[in-house]
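Here the structure is laid out as structure tokens; the discussion comes afterwards.
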Amino acid sequence: MFRSFVAGALAFLLLAPALAARPVPAADNYGARPEIREFADEVAARRGFDRAWVMLQLSQAQRLASVQRLMLPAPAGTPKNWNAYRERFVEPRRIAAGVAFWRSNEEALQRAESIWGVPPEIVVGIIGVETYFGRLMGRFRVLDALATLAFDYPGARPERAAFFRSELEEFLVYCRHEGLDPTQPTGSFAGAMGIPQFMPSSINRYAVDFEGSGHVDLAKSSADAIGSVAHFLSESGWQRGLPTHFAVTAPSALMQRAQLLVPDIRPTFSPAQFTEHGAVLEDAARGYARPLALVELENGGDAPSYVAGTENFYAITRYNRSSYYAMAVISLGEAIQRAR
């Protein structure tokens with residue numbers, strides 16, 4: 001699952017199909033670096049693993065310069081553009097693929113909704129945005145991607161490297177539990193795997209064997225992917241039966257608009273407070289009893305778009321911490337639902 005720790009996430013999603021078609025560049029092998037040996041000692045002690053097994057896996061990792069380049073942030077001043085971002089995902093071929101995916105997995109989607117309360121269009125929207133329904137799951141060896149970012153993160157960002165060291169450890173735990181060779185799984189340049197693009201820690205916490213095979217297989221089992229996405233959203237605050245957002249006209253006064261935007265995408269204000277700040281909500285939102293967030297979506301040089309996001313909108317952003325991502329998921333899911 002791709003999260004906000006990736007500074008260039010929006011740029012990558014726009015380029016994902018093109019990148020997936022390119023061969024992965026040549027890599028540099030890791031040597032017996034002291035920090036890697038120390039990491040192996042720590043993982044073995046924490047997890048009760050054989051230290052020689054941990055070191056063997058790490059010694060097979062390769063530093064990928066391509067991963068380092070892809071992790072760099074987008075150039076300064078690159079304008080965000082919701083309309084362009086949306087068009088990348090809400091387009092005829094992806095909608096048609098989504099209709100086929102929904103039809104093939106209707107039972108699993110309905111079962112997931114009955115258990116966790118997440119509607120099929122949201123699960124389908126996430127899987128469609130993440131991997132084009134399993135067509136673009138990434139071609140980087142996860143071991144290489146995570147080791148590169150754990151020990152050679154580009155720039156002076158020790159907190160980012162620490163995150164990926166944790167994910168590398170979680171990856172080894174996952175492989176050990178499932179009996180996988182750690183050199184085999186492939187995924188995104190950030191180490192996300194499978195149809196729903198879960199990071200290893202999310203696999204270990206939220207992935208479910210929804211197919212009943214006795215194993216969690218997010219790369220090949222659509223049912224496991226569907227159940228895991230719904231379970232993740234439920235654990236991230238999804239509320240059964242609530243909408244994701246309402247239409248809103250943002251306040252024309254800059255100060256009032258700025259006050260509503262301070263909490264960013266976290267629902268904070270009541271509908272009455274929206275009105276007090278000069279926002280105009282659609283009729284359905286005026287009697288809404290839960291908090292809302294004013295979500296701003298920039299459109300390049302054009303005027304921004306706005307929605308009033310609910311707790312369910314916020315739950316989607318826990319999957320990928322971007323309001324643009326959440327709206328793309330919602331828009332694609334709705335388009336697929338209409339096309340059915």
Side-chain angles (χ1 to χ4, degrees), residues 1 82-83 85-86 89-90 94-95 98-99 101-102 106 109-130 196 226-227 229-251 257 260-299 304-340:
M1 178 186 318
W82 158 240
N83 286 322
Y85 186 82
R86 179 185 184 280
F89 300 104
V90 187
R94 201 173 297 239
I95 293 170
V99 170
F101 181 87
W102 194 323
E106 190 153 6
L109 288 162
Q110 290 177 349
R111 186 156 45 96
E113 183 177 21
S114 70
I115 295 171
W116 293 292
V118 183
E121 63 270 20
I122 297 299
V123 176
V124 171
I126 284 178
I127 291 174
V129 169
E130 288 288 344
I226 288 165
V229 169
H231 182 225
F232 176 91
L233 290 175
S234 175
E235 292 295 309
S236 298
W238 184 274
Q239 303 292 312
R240 186 187 297 267
L242 293 188
T244 57
H245 66 286
F246 297 103
V248 63
T249 301
R257 188 165 67 247
L260 287 178
L261 289 171
V262 166
D264 195 17
I265 54 179
R266 183 182 292 276
T268 304
F269 301 102
S270 67
Q273 289 172 315
F274 260 62
T275 301
E276 290 169 6
H277 284 81
V280 180
L281 289 162
E282 64 170 293
D283 291 343
R286 292 173 187 165
Y288 189 69
R290 304 180 74 95
L292 297 169
L294 182 63
V295 177
E296 182 179 70
L297 303 163
E298 297 178 23
N299 288 311
S305 300
Y306 294 92
V307 297
T310 69
E311 290 155 292
N312 282 352
F313 186 97
Y314 187 72
I316 298 173
T317 68
R318 301 308 87 193
Y319 203 103
N320 182 316
R321 299 187 183 191
S322 160
S323 55
Y324 298 79
Y325 173 87
M327 279 305 301
V329 163
I330 294 164
S331 299
L332 177 60
E334 289 175 346
I336 293 169
Q337 186 178 40
R338 287 193 298 270
R340 292 182 72 244

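The minimum heavy-atom distance between Gly128 and Arg94, with the atom names listed, is O-NH1, 2.7 Å. The nearest pair of heavy atoms linking Gly309 to Pro267 is O-CG, 4.2 Å. Closest of all the heavy-atom pairs between Ala335 and Val90 is CB-CG1, 4.0 Å. Annotation for Ala308 and Leu281: closest pair CB-CD2, 3.7 Å, computed over non-hydrogen atoms. Of all non-hydrogen atoms in Ser323 and Phe313, the two that sit nearest each other are O-CZ, 3.7 Å. Taking every heavy atom of both residues into account, Pro251 and Ala279 meet most closely at CG-N, 3.7 Å.
Panel note: side chain Arg240, backbone Glu113; a donor-acceptor pair is recorded below 3.5 Å. Under a 3.5 Å cut-off, the side chain of Trp238 and the backbone N or O of Gly117 do form a donor-acceptor pair. In this structure, the side chain of Ser114 engages the main chain of Arg111 through a donor-acceptor pair within 3.5 Å. Of the possible donor and acceptor atoms, one in the side chain of Thr310 sits under 3.5 Å from a partner among the backbone N and O of Thr244. Counting only distance, with no hydrogens or angles, the side chain of Glu282 and the backbone of Ala247 share a donor-acceptor pair below 3.5 Å. Using a distance-only test at 3.5 Å, with no hydrogens or angles considered, a donor-acceptor pair links the side chain of Tyr324 to the main chain of Glu298. Remark: side-chain polar atoms of Arg266 are not paired, donor with acceptor, to backbone N or O of Tyr314 under 3.5 angstrom. Side-chain atoms of Gln239 come within 3.5 Å of backbone N or O of Gly237 as a donor-acceptor pair.
Checked against side chain to side chain donor-acceptor pair (under 3.5 Å), His231 has no partners two or more places apart in sequence or in another chain. Among residues two or more places apart in sequence or in another chain, the salt bridge (charged side-chain N to carboxylate O under 4.0 Å, His left out) test is passed with Glu106 by Arg340. Checked against side-chain contact (heavy atoms from CB on, under 4.5 Å), Asn83 has the following partners two or more places apart in sequence or in another chain: Asn81, Asn299.
Residues Trp102 and Pro120 form a side-chain contact, since some pair of their non-hydrogen atoms from C-beta on lies under 4.5 Å apart. Inter-residue side-chain proximity for Met327 and His245 is flagged as met; some heavy-atom pair is nearer than 4.5 Å. In this structure, Pro243 and Tyr288 have side chains that are in contact, with non-hydrogen atoms separated by less than 4.5 Å. No side-chain heavy atom of Val123 sits less than 4.5 Å from a side-chain heavy atom of Phe101. When side chains are defined from C-beta on, Val118 does not count as touching Val229, because their heavy atoms never get closer than 4.5 Å.
Here Ile336 contributes atom CD1 and Ile127 contributes atom CD1; the two are 10.0 Å apart, rounded to the nearest 0.5 Å. In this structure, CZ on Arg86 lies 9.0 Å from CG on Leu332, to the nearest 0.5 angstrom. Within the model, atoms CG of Asn320 and CD1 of Ile126 stand 9.5 Å from one another, a figure rounded to the nearest 0.5 Å. In this structure, CG on Leu260 lies 11.0 Å from CD on Glu296, to the nearest 0.5 angstrom. Atom-to-atom distance recorded for Thr268:OG1 and Phe274:CZ is 9.0 Å, nearest 0.5 angstrom. To the nearest 0.5 Å, atom OG of residue Ser331 and atom CH2 of residue Trp82 are 4.0 Å apart.
Defined by atom type and a distance below 3.5 Å, a donor-acceptor pair is present between the side-chain atoms of Glu130 and Tyr325.
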query = Run the side chain to side chain contact (heavy atoms under 4.5 Å, CB included) check on Glu235 and Trp116 step by step: do they pass?
reply = CA-CA 9 Å; Glu235 292 295 309; Trp116 293 292; 5.9 Å; no
